[in-house]
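Quick note on labels: first sequence line is chain A, next is B, and so on, each numbered from 1.
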Protein chains: 2
Amino acid sequence: MADSAGSQSGSRKAPLSRELVLSTALALVDAEGLDALTMRRLGQELDRDPMSLYRYAANRAALLDGVSELVLDELAIFPDDPDWQAQLRKIAHDLRLLALRHPNVVPLLVTRPLSTPLGLRPLGTLRPLEQILALLIEAGFSPAAALHVYRAYYGFLCGHILNELQEYIVDPEENEAILRLGLHRLPAKSFPHLRALGPVLADYDGAAELDQGLAILLSGLAGQLSIGQRESPS
Amino acid sequence: MADSAGSQSGSRKAPLSRELVLSTALALVDAEGLDALTMRRLGQELDRDPMSLYRYAANRAALLDGVSELVLDELAIFPDDPDWQAQLRKIAHDLRLLALRHPNVVPLLVTRPLSTPLGLRPLGTLRPLEQILALLIEAGFSPAAALHVYRAYYGFLCGHILNELQEYIVDPEENEAILRLGLHRLPAKSFPHLRALGPVLADYDGAAELDQGLAILLSGLAGQLSIGQRESPS
DNA sequence: GATACATTCTCTACGCTGTAGACTTTATGC
DNA sequence: GCATAAAGTCTACAGCGTAGAGAATGTATC
């Protein structure tokens, strides 16, 4: 018998479950990146035959969807908050922190919906949309206006997170080195401004910039609310 | 006898080049998606051994970077435009159209930089950043302020494009069907607003929404300009 | 023409991937 | 004890990226 790794000395291993599979997958992605999440590797991590995973996810794509869902489940939204702007700000910062906590999952979050029609996505990934719509409608926006506000808000939010993560470098020791090395590599002639910004690029206060952008956007969107209220029937 | 496609009847085939390889790769991605772009398949498309591609791209990742670059090269930016807001609006719409023209490349555009420190990216992907910085500095922003404006602007832009593409469905015939099918699948109890929005979701005027968002954002950002500098040259 | 060299392309092979299909083991109900 | 269902395993296949050696071709020099 091939009782390979640790586990119980007895014949039985811990029972598998979708939750266990997904959380192990997430841990693996967090630790070693998306590419490390292969069926074989995950099976090994769970001390099971890779094929057993197909009981809990129809295929690798579904597994990735599951991981997305699991991460988004960490996001708490309160659609009943009477201060919708404050709530949107809170959600934004929460999502930002979530992204920083699971940077390797962000490509998934942002990419998977591109290949799945809205209606067929995992429910967990649609929950934020639904709840933010609820929040906005509660705040007085018409459903259609709520959708537009959502799009502007969520688009901006995703964009910010992507942007920030693109400049983010894991090891702050190496940061300076790689940054300088990289920037030095740029032809001075065609990239003068970028090269000159080296030091400024190095300290990026993502939370502050997110706040600034949100302030602009939310106040603009709030303006549409008061206009809409004055003219349109509720 | 493997002389498959057209080409000369003689022994020689058309000479390969990086441009040819990349544009063929782009065509393949446009036509059949990112997954279809394998070394073997691309080799077959060019009627060459897959290994010959490694002369023109160090590996598959570099090939993907090359495709990103090729697409971004289509984007024209005029850093000398005296009306920076108009220029930013134009860039935004151009990039949006570019994304709609090459939807399968968007994941690449958005995802690849996440795994490459800024300084080590293909130069072609840094050009827009540099040129927009130039535009903003020319307009009177300090370099640091220009960077902040760029981040807010470009983040919003990317976010919008991603958002729009996520709701975009290729076949307008099937659109209604899949949409309804999908929405009908949603539990009415937990997704009331989303279900109710079906018709509104169906017609999404991306250009208009992009314009609206930009209007809010740019006017807000322009405000920072006038505050930042007491005496304005404009 | 002949020779040497550099470039370009091809061939073979290795270890990895997702997963279909048949099979074995274990838990459960009668 | 036995039937049935559920869970897990095994084997196998087609496809992937790409290392490394080799063949074919183009060019420079004599």
Rounded off to whole Å, could you give me the [atom1]-to-[atom2] distance for the [X] and [N] pair?
X: A/L53; N: D/dA7; atom1: CG; atom2: C1'; value: 12 Å
X: A/D49; N: C/dT26; atom1: CG; atom2: C1'; value: 16 Å
X: B/R48; N: D/dA24; atom1: CZ; atom2: C1'; value: 12 Å

For B/D65, which residues count as a side chain to side chain donor-acceptor pair (under 3.5 Å) partner, sequence neighbours excluded?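 Counting only residues at least two positions away or on another chain, B/D65 forms a side chain to side chain donor-acceptor pair (under 3.5 Å) with B/R112.
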Please identify each residue that fulfils side chain to side chain donor-acceptor pair (under 3.5 Å) with A/Q44, with sequence neighbours left out.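 Partners of A/Q44 by the side chain to side chain donor-acceptor pair (under 3.5 Å) criterion come out as none, since no residue qualifies.
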Identify, with sequence neighbours excluded, every residue that meets salt bridge (charged side-chain N to carboxylate O under 4.0 Å, His left out) alongside B/D30.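 Scan of B/D30 (salt bridge (charged side-chain N to carboxylate O under 4.0 Å, His left out), adjacent residues dropped) gives none.
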Output all residues satisfying side-chain contact (heavy atoms from CB on, under 4.5 Å) with A/T24, sequence neighbours left out; order by chain, then residue number.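 Partners of A/T24 under the side-chain contact (heavy atoms from CB on, under 4.5 Å) test: A/L20, A/L42, A/E45, A/L46.
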I'd like to check the side-chain contact (heavy atoms from CB on, under 4.5 Å) partners of A/E164; sequence neighbours left out, ordered by chain and number.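 Once residues adjacent in sequence are excluded, the partners of A/E164 under the side-chain contact (heavy atoms from CB on, under 4.5 Å) criterion are A/R96, A/L100, A/H160, A/Y204.
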Given D/dA6, is OP1 or OP2 found less than 4.0 Å from the side-chain N or O atoms of A/Y56?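 No, no such contact exists.
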A/S52 vs D/dA7: side-chain N/O to OP1/OP2 distance below 4.0 Å: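 Checking A/S52 against D/dA7: no side-chain N or O falls below 4.0 Å of OP1 or OP2.
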Taking side chain as C-beta onward, heavy atoms only, is B/Q87 less than 4.5 Å from B/I91?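 They are in contact (side-chain heavy atoms under 4.5 Å apart), so the answer is yes.
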What string of B, S and - do you get for nucleotides 13-22 of chain C, 5' to 3', when a contact is any protein heavy atom under 4.0 Å? B---BBBBB-
